[in-house]
Student: 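One structure coming up, written as structure tokens, with questions to follow.
Any value given below was found using the heavy atoms of this structure, including those in side chains, with hydrogens, waters and symmetry copies removed. Note that the numbering runs from 1 along the sequence shown for the chain. Order of listing sets the numbers, starting from 1, for every ligand and every atom in it.
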Amino acid sequence: MVLKIGPYAVESGLVLAPMAGVTDVPYRRVCRRMGAGLTVAEMAASDAHLRCSAMTQRRTRADADDPLPVVQLLGADPDEMARAAQIAQEGGARIVDINFGCPARMVCGKACGSAIMREPELARRIMRAVRQAVTLPVTVKMRTGWDEVHKNAADIARAAEQEGLAAVTVHGRTRAARFTGRSDALEIARVVRAVSIPVVANGDVLEPADVLALIEKTGAAGVMIGRGAYGNPWIFRRARALLAGDPDPGLPARSEAGSTVLEHFDAHVDYWVREEAKGGDDEQLERGRLAALRSFRKHARWYMTRFARDKDAHDERLMEIVVRTDSLEEARAGLLEFFES
Ligand SMILES: Cc1cc2nc3c(=O)[nH]c(=O)nc-3n(C[C@H](O)[C@H](O)[C@H](O)COP(=O)(O)O)c2cc1C
């Protein structure tokens, strides 16, 4: 399967979903190494004030290691979105994605994300402004609509196509559903039928086989995986095998997984200490180390839960240590012991 986005061909059509607080630069690198064809950076606010924040600047700056960096922008003001898109382009992005899917009521003091789906004319103006501001392909990610009686993803997708956008991603839930219930593949299929630009299907892909099922149900050109990649970058290579008609290689053995986990840990610490400490004094460095360790805990918990032996006291003890300690050395040693045993 090849997903075409403007001039780019995304091999495998498998996309790592943007997940704020999870899919940072180090984890996106891990997932690409494991077979994700495209990874989308966490949403960045287009709001002029927030644009100055370290977090927004970090999310808008392309990762030099990424051959096809996608920057995702969130906002309700067409001019600010256009300016933010230009900044993303100057920062090295190769694709700009517009977020019409975030369910939070207010971001940057304004209704944006999925709230824009309630205002189709504003949605169109945002897409047009961003499209005209950059020479890059522009894509949009949305939900199926605001609620059960307002499902207008196909209309917004048609507007996206008319405005020259290169692809759309649809998460098969309404804004009202947030993350409850099941993602609705039939609604995604409706969008696929409504447009001739590529549609990426998203929602509830937890196992490699779910990728094939979602393609079959929707006819989508690509599949985006979010929570199914929690502590599970291997889902990409497994899904790739299935897409190629090969058998699922399964999860790696615990010791093999361990080398990926340790590499992720080291890269995560290296990246976040540099980001948080910013060449400051020893005290700042120590704060950076602690921030890096704490932000890795969720990944550690997901990895260890996935590989833990049922009711194994040794595994449980190591997991407790790794997710509680404030010592980088102790956390690393705990991970090493867990995956080597
Ligand atoms: C923790 C978390 C953070 C998310 N952050 C973003 C984001 O920054 N931008 C976005 O478009 N969607 C975001 N999403 C939504 C996901 O990209 C995806 O659409 C959703 O999780 C459904 O896919 P899944 O069932 O494969 O997880 C986030 C989801 C989660 C769970």
Student: Relative to the heavy atoms of Ala17, which atoms of ligand 1 are at a distance of less than 4.0 Å?
Tutor: 17 (O)
Student: Please list, in number order, the atoms of ligand 1 under 4.0 Å from a heavy atom of Asn99.
Tutor: 9 (N), 10 (C), 11 (O)
Student: Of the protein's non-hydrogen atoms, which lies at the shortest distance from atom 9 (N) of ligand 1, and what is that distance?
Tutor: Gln72 OE1, 2.8 Å
Student: Quick check: does Phe179 get an N/O under 3.5 Å from an N/O on ligand 1?
Tutor: no
Student: Residues in salt bridge (Lys or Arg N to Asp or Glu O under 4.0 Å) with Arg158, at least two apart?
Tutor: Asp155
Student: When you compare ligand 1 with Ala20, is there at least one nitrogen or oxygen pair between them that comes in under 3.5 angstrom?
Tutor: yes
Student: Run the numbers for me: atoms of ligand 1, each under 4.0 Å from some heavy atom of Asp204, listed by number.
Tutor: 24 (P), 25 (O), 26 (O)
Student: Going by the rule salt bridge (Lys or Arg N to Asp or Glu O under 4.0 Å), which residues pair with Asp270 if we only count those two or more places apart in sequence or in a different chain?
Tutor: Arg274
Student: Polar contacts were defined as any N/O atom of the residue lying under 3.5 Å from an N/O atom of the ligand; does this apply to Lys141 and ligand 1?
Tutor: yes
Student: I need the nearest protein heavy-atom contact for atom 7 (C) of ligand 1: residue, atom name and distance, please.
Tutor: Pro18 O, 3.5 Å
Student: For Glu42, run the salt bridge (charged side-chain N to carboxylate O under 4.0 Å, His left out) check against Arg61, Arg58, Arg59 and tell me which one passes.
Tutor: Arg59
Student: I need the atoms of ligand 1 closer than 4.0 Å to a non-hydrogen atom of Arg227, numbered in the order shown.
Tutor: 21 (O), 24 (P), 25 (O), 26 (O), 27 (O), 31 (C)
Student: Using heavy atoms and a 4.0 Å limit, tell me yes or no: is Gly228 in contact with ligand 1?
Tutor: no
Student: Just distances here: any N/O of Tyr230 and N/O of ligand 1 closer than 3.5 Å?
Tutor: no
Student: Distance to 0.1 Å, residue and atom name: give those for the protein heavy atom nearest to atom 19 (O) of ligand 1.
Tutor: Asn202 OD1, 2.6 Å
